[in-house]
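Okay, structure first, notes after.
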Protein chains: 2
Amino acid sequence: MTDLNNDIFKTIDAERRGTTSEEVVSQLREMIHRGELRPGDRLPPERDLAKMLGVSRPTLRAGIRSLAAVGVLQSRQGAGTFVVKSDGPPSLDSSPLRLMASLHGFTSAEMFEARQSLEMAVAGLAAERATDDQMATMAEETTGMFASLDDPEQFLVHDMHFHQTVAAASGNRILTSLMNMVSTILFDVRSKTVKRARDLKESAEMHRHIYRAIRERNPEAARKAMREHLMLAQKAQEQEAAEDAAGRNGANGSNGANGDVH
Amino acid sequence: MTDLNNDIFKTIDAERRGTTSEEVVSQLREMIHRGELRPGDRLPPERDLAKMLGVSRPTLRAGIRSLAAVGVLQSRQGAGTFVVKSDGPPSLDSSPLRLMASLHGFTSAEMFEARQSLEMAVAGLAAERATDDQMATMAEETTGMFASLDDPEQFLVHDMHFHQTVAAASGNRILTSLMNMVSTILFDVRSKTVKRARDLKESAEMHRHIYRAIRERNPEAARKAMREHLMLAQKAQEQEAAEDAAGRNGANGSNGANGDVH
DNA sequence: TTATTGAGATCGGTCATACCATTAGCTCTG
DNA sequence: CAGAGCTAATGGTATGACCGATCTCAATAA
């Protein structure tokens, strides 16, 4: 179709003379791009598809594998290979970021900061664009948090829903995806912390502040409230990690604030 | 087979969580994470590594392929497979995001906004943390822009270096990576626009404003300057795209402001 | 008639083997 | 000593086979 993409950078799809499996990736990408394959669709069986594309099955599988690794395709033995269907917001696979974190030794503090920046950005946008429905949802989730002060698990659900709603209200699906990507990695750590009731109440209050700023269409206030909320959350978590490490006599407390992200 | 390598490479068959190839991915990830494989290192030949891990070569290749797809490994025929060495900042592959853009029909306006948010974030952080060296580099690149007002291609190089330096000065490699991820996709569009001299001068002025705000350690001013710069850049590009489309009698002007990101 | 179960068909996962294409390193030659 | 050419090493592709998980649908029982 268009040859407009003769970039200076050699992206995978631009190199028609690349390896055969890269060509397969290109073909599949174009099929998806042209709408011949839509989210949720099932690809033809590998044996058939291989013949259609004129390659061997291992080569086709290599291409499928590449796309599966980045979260575009998903294979299920016995069932077939599907284009990943995103019910809600589109999502990026976080494993690449996780790998990069391992490779370069990212600290969770750095992760936290990235998340904070992203959350502040979407909060600011949400203050400008949130619909009435979305604001109502935020209010509900906030209420839910106050009602779950004695149930940390339930509290976390409302917490996540709240942030999800704010992200959706930003109207920018890219920022939302990136935010989720980072948050997903931090989730393991978060879910393990059994927060104290006092922290939960404080956290719920912070969410209410964020909600109010958004309702009042005040982006700066929303950003500020989100910043304070996440700073507090990080501090609480660091403290807990420190206590946890101390309680274990310092053994294997590597999930602390400055530990690598595993 | 030799027993020399059994200390490092543990066989797999114990406790397989998912598929065998997924287990291979896990093993390789752990090797990298534990530092047994460092950036720039070469992996053992596939035939040997397959035996060490106790899997067949196709299965091993599937695992390698998955990691290569997310930019962690890189295979070169005849040479070997290497852990990607990141000279500068760690980088995430942008193809997943590109695919997602195709799948969900992201507009370049949405991309621009995401980039704007990320650039503003790093600019703010850079104002707090930039070293003298980094600020000197920014000054140099700004000077370079003014010196390249009649050479759009050279101008773009300085432009990119400037933003790269700001990102590095933020001290947050995750945000930097995400920013590059988004910027890379927008690069195609940018590189095609042959800017007018007046726009270039205006752009250089904006960069100087950003630099000054960072030098003065004023995060808010840096964010504001960056925002204005990118808004201007987007506007200029939209205008040019519109003119381009008009010049072509409206034929295939799909790279315009509201077109899909291809 | 409806729900359940079972067998066959479908399809991805894995393995073994062979051969091709490219690269790196070494040897031989000038 | 330097460069050209050869050889071995290594990833890329192809063929074919079998296994295990899953789906489909018809036969059977309630």
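Sequence lines set the chain letters: A, B, ... in the order given, protein chains first and strands last, and positions in each chain run from 1.
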Between D:dT10 atom C1' and B:Ile64 atom CD1, what is the distance in whole Å? 11 Å
Between atom CD in B:Gln77 and atom P in C:dC20, what is the gap in whole Å? 13 Å
Closest heavy-atom pair, A:Ala109 versus A:Gln234, reported as atoms and distance to 0.1 Å, is CA-NE2, 3.7 Å
Under-4.0 Å side-chain N/O to phosphate OP1/OP2 contact, A:Ser21 with D:dT13: yes
B:Thr165 and B:Met138: which non-hydrogen atoms are nearest, and at how many Å? CG2-CG, 3.8 Å
Heavy-atom pair of closest approach, residues B:Ala114 and A:Ile174: CB-CG2, 3.8 Å
How close or far is atom C1' of D:dT13 from atom CZ of B:Arg61, stated in whole angstroms? 8 Å
Taking all atoms of both residues into account, what is the closest heavy-atom pair of B:Leu175 and A:Ser117, and its distance? CD1-OG, 3.5 Å
Which part of the nucleic acid, if any, lies within contact of A:Arg65, taking any heavy atom under 4.0 Å across all strands shown: a base, the sugar-phosphate backbone alone, or nothing? nothing
Spell out, as yes or no, whether a donor-acceptor pair under 3.5 Å connects the side chain of B:Glu110 to the backbone of A:Arg173. yes
Look at all strands and tell whether A:Pro58 reaches a base, only sugar-phosphate, or nothing, counting heavy atoms closer than 4.0 Å. base
Which of D:dA14, C:dG13, C:dC11 is nearest the side chain of A:Val55? It is D:dA14
Does a distance-only test, which skips hydrogens and angles, find a donor-acceptor pair under 3.5 Å between the side chain of B:Arg47 and the base of D:dG11? yes
Rounded to whole angstroms, how far apart are CG on B:Leu53 and P on C:dC15? 11 Å
Expressed as a whole number of angstroms, how long is the span from A:Leu43:CG to C:dT10:C1'? 15 Å
Please write out each protein N/O paired with an N/O of nucleotides 24-27 of chain C under 3.5 Å, distance rounded to 0.1 Å.
unit_1: C:dA24; atom_1: OP1; unit_2: B:Arg76; atom_2: NH2; d: 2.9

Looking at B:Thr20, does any N or O in its side chain come under 4.0 Å of the phosphate oxygens OP1/OP2 on C:dT14? yes
Which nucleotide in the set C:dG13, D:dG11, D:dA14 lies at the smallest distance from any side-chain heavy atom of A:Glu46? C:dG13
Looking at C:dC15, I'd like to know if its phosphate oxygens (OP1 or OP2) sit under 4.0 Å from a side-chain N or O belonging to B:Thr59. yes
Testing the basics here: between A:Ala69 and B:Ser66, what is the closest heavy-atom pair and its distance to 0.1 Å? CB-O, 3.4 Å
I want to check one thing: is the phosphate of C:dA16, taken as OP1 and OP2, less than 4.0 Å away from some side-chain N or O of B:Arg57? no
Would you kindly give the CG-to-P distance between B:Leu60 and D:dT13, to the nearest whole Å? 15 Å
Could you give the CD-to-P distance, from B:Gln74 to D:dG12, as a whole number of Å? 10 Å
Atom CD of A:Glu36: over 12 foreign heavy atoms under 6.0 Å: yes
In whole angstroms, how far is the P atom of C:dC11 from the NZ atom of A:Lys51? 13 Å
